[in-house]
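Following: one structure in structure tokens, then a few remarks.
By convention here, the first residue in the shown sequence is residue 1. Worth saying up front: this structure is predicted, and the values here are computed from it rather than measured.
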Amino acid sequence: MRSRTKPTTGEKPASPRKAAIAKLVPAPKADGDDEADDKQRGGGVQSLGRAFSILEEVARHREGIGLAELSKLVGLHNSTTFHLAKTLVSLGYLRQEKDNKRYRIGRPLFALAASALDEIEMVNVATPVLEELSRQTGESGHFAVRMGDAVVVIARTSGPGAFQLADRVGVVRPAHCTALGKIILASLRPEQLKRFIDRVELKPSTPKSISDVGALMREIAEVQRTGVAFDDGEFNPEVRCVAVPVTDFTGQVIGALGISGPIWRLSNQALHAGAQIVQAAADRLSVEFGAKDRAHKALTQKV
């Protein structure tokens, strides 16, 4: 949260969001004795405490909660609860349904929670989905996230079939010649993708690797159109892969889910057939992260 200062000549007026925060937490006076400052700070802390009590109580009621019941549970007068809840609604942390006026948790609160979701938690959520994916396909399952200009596999599982790939968790792979990496590249904003192209050397790993900028851009456009990325021996000449995006409740791509197998077992026909199974698994994982729509929409909307 940025500190609030009194605007000077030439500065932009405070945004509605900052103005709402200012109402919630009164700013200390510029002058006055220590006792007055202590009272001012105490009032702000009290308001914050009450606001968090309201948030916690609303969060406990997934079906929503009305003002009267909310006031009773937090031990505040209706008018006090109303004004605090109104401020939280203006900030987006609460939302009020138009038909019954019940309060529910707003999306920005979920965004704050998601920012605290570290890789260990992501692995715990992704692993059961990967295990089921490997059982269905018989191939190795992978969940990767962006790491700078590359991707890192943070969770993987092996299928029941023989000759499983020996990739380990934590392995870093280039983005331009892997299915997982192409999904991440396809999720970038245009300016982010341009910066990637400008600074990264497209080193070939195999004769099939994409090392031409134009070819890579066409490939990414196709991934954005279909929501699916393939790797036909582009990183490892003996391996084929297919990957799709995984999104969270904000609709943002947070990673890529895929399977890989030896080319003698995972033919191009089997690879395309397996894409539907991978997509279903990615949709399940996206739901676990709070997504409402199918994961590939986050890419197709960029086209």
Side-chain angles (χ1 to χ4, degrees), residues 122-123 125-147 150-187 203-211 215-216 219-220 222-246 253-286 288 294-296 299:
M122 293 179 75
V123 170
V125 174
T127 298
V129 176
L130 286 175
E131 290 173 343
E132 176 63 21
L133 178 61
S134 289
R135 282 194 293 268
Q136 289 179 310
T137 62
E139 305 296 351
S140 299
H142 309 270
F143 178 55
V145 297
R146 183 184 178 188
M147 189 178 77
V151 294
V152 56
V153 176
I154 64 172
R156 70 172 302 277
T157 55
S158 296
F163 302 100
Q164 293 293 315
L165 300 180
D167 270 355
R168 65 188 186 281
V169 171
V171 68
V172 179
R173 293 289 181 247
H176 68 284
C177 59
T178 59
L180 296 168
K182 292 175 188 176
I183 290 294
I184 300 300
L185 291 180
S187 71
K203 295 181 179 180
S205 297
T206 75
K208 288 189 174 182
S209 298
I210 298 177
S211 56
L216 179 60
E219 180 85 355
I220 292 174
E222 180 65 11
V223 173
Q224 291 174 337
R225 186 184 70 82
T226 62
V228 183
F230 297 98
D231 165 10
D232 184 10
E234 296 172 43
F235 178 72
N236 183 327
E238 302 298 323
V239 175
R240 289 192 177 104
C241 311
V242 58
V244 298
V246 174
V253 174
I254 58 173
L257 187 77
I259 58 171
S260 58
I263 59 175
W264 55 266
R265 185 171 65 209
L266 198 57
S267 65
N268 279 317
Q269 182 178 1
L271 195 68
H272 283 77
Q276 295 182 354
I277 302 176
V278 176
Q279 181 66 71
D283 288 341
R284 292 196 301 273
L285 183 54
S286 295
E288 292 293 328
R294 295 190 63 183
H296 75 278
L299 298 186

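- When all heavy atoms of R173 and F235 are compared, the closest pair comes out as NE-CE2, 3.0 Å.
- Annotation: the span from E131 atom CD to Q136 atom CD amounts to 12.5 Å, rounded to 0.5 Å.
- The shortest side-chain heavy-atom distance between N268 and D232 falls under the 4.5 Å cut-off.
- Closest approach of A144 to V151, counting heavy atoms only: CB-CB, 4.4 Å.
- Contact of the R156 side chain with the V171 side chain is not registered, since no non-hydrogen atoms from C-beta on lie closer than 4.5 Å.
- V244 pairs with exactly one of L285, D283, V228 by the side-chain contact (heavy atoms from CB on, under 4.5 Å) rule, that one being V228.
- Closest approach of S140 and S134 over heavy atoms only: C-OG, 4.0 Å.
- You'll find the side chain of R265 reaches within 4.5 Å of the side chain of E139, heavy atoms only.
- Two residues are said to be in side-chain contact when any heavy atoms from C-beta on lie closer than 4.5 Å; D231 and V239 fail this criterion.
- Of the inter-residue distances, the one linking I277 atom CD1 with T137 atom OG1 reads 6.5 Å to the nearest 0.5 angstrom.
- Residues C177 and I210 fail the side-chain proximity criterion, which asks for heavy atoms closer than 4.5 Å.
- Closest approach of F143 to L257, counting heavy atoms only: CB-CD1, 4.1 Å.
- The CD1 atom of I259 lies 11.0 Å from the CG atom of L130; values are rounded to the nearest 0.5 Å.
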Audit row: T157, L133, side chain to side chain contact (heavy atoms under 4.5 Å, CB included) steps and yes/no: CA-CA 9 Å; T157 55; L133 178 61; 6.0 Å; no
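- A distance-only check finds no donor-acceptor pair linking the side chain of H176 to the backbone of L185 [under 3.5 Å].
- Between the side chain of S211 and the main chain of P204, no donor-acceptor pair closer than 3.5 Å is present.
- E222 meets the side chain to side chain contact (heavy atoms under 4.5 Å, CB included) test with R225, T226; sequence neighbours excluded.
- Side chains of E234 and K182 form a contact here, defined as non-hydrogen atoms less than 4.5 Å apart.
- The nearest pair of heavy atoms linking H142 to V153 is ND1-CG1, 4.2 Å.
- Side-chain contact between H272 and S267: absent, with no pair of heavy atoms (C-beta onward) separated by less than 4.5 Å.
- One distance of note links CZ of R135 with OG of S158; it measures 12.5 Å at 0.5 Å rounding.
- The two residues I220 and A186 make their nearest non-hydrogen contact at CG2-CA, 3.7 Å.
- By the side chain to side chain contact (heavy atoms under 4.5 Å, CB included) test, A256 pairs with L180, I183, I184, sequence neighbours left out.
- For the pair V145/I254, no side-chain contact is recorded, criterion being any heavy-atom separation below 4.5 Å from C-beta on.
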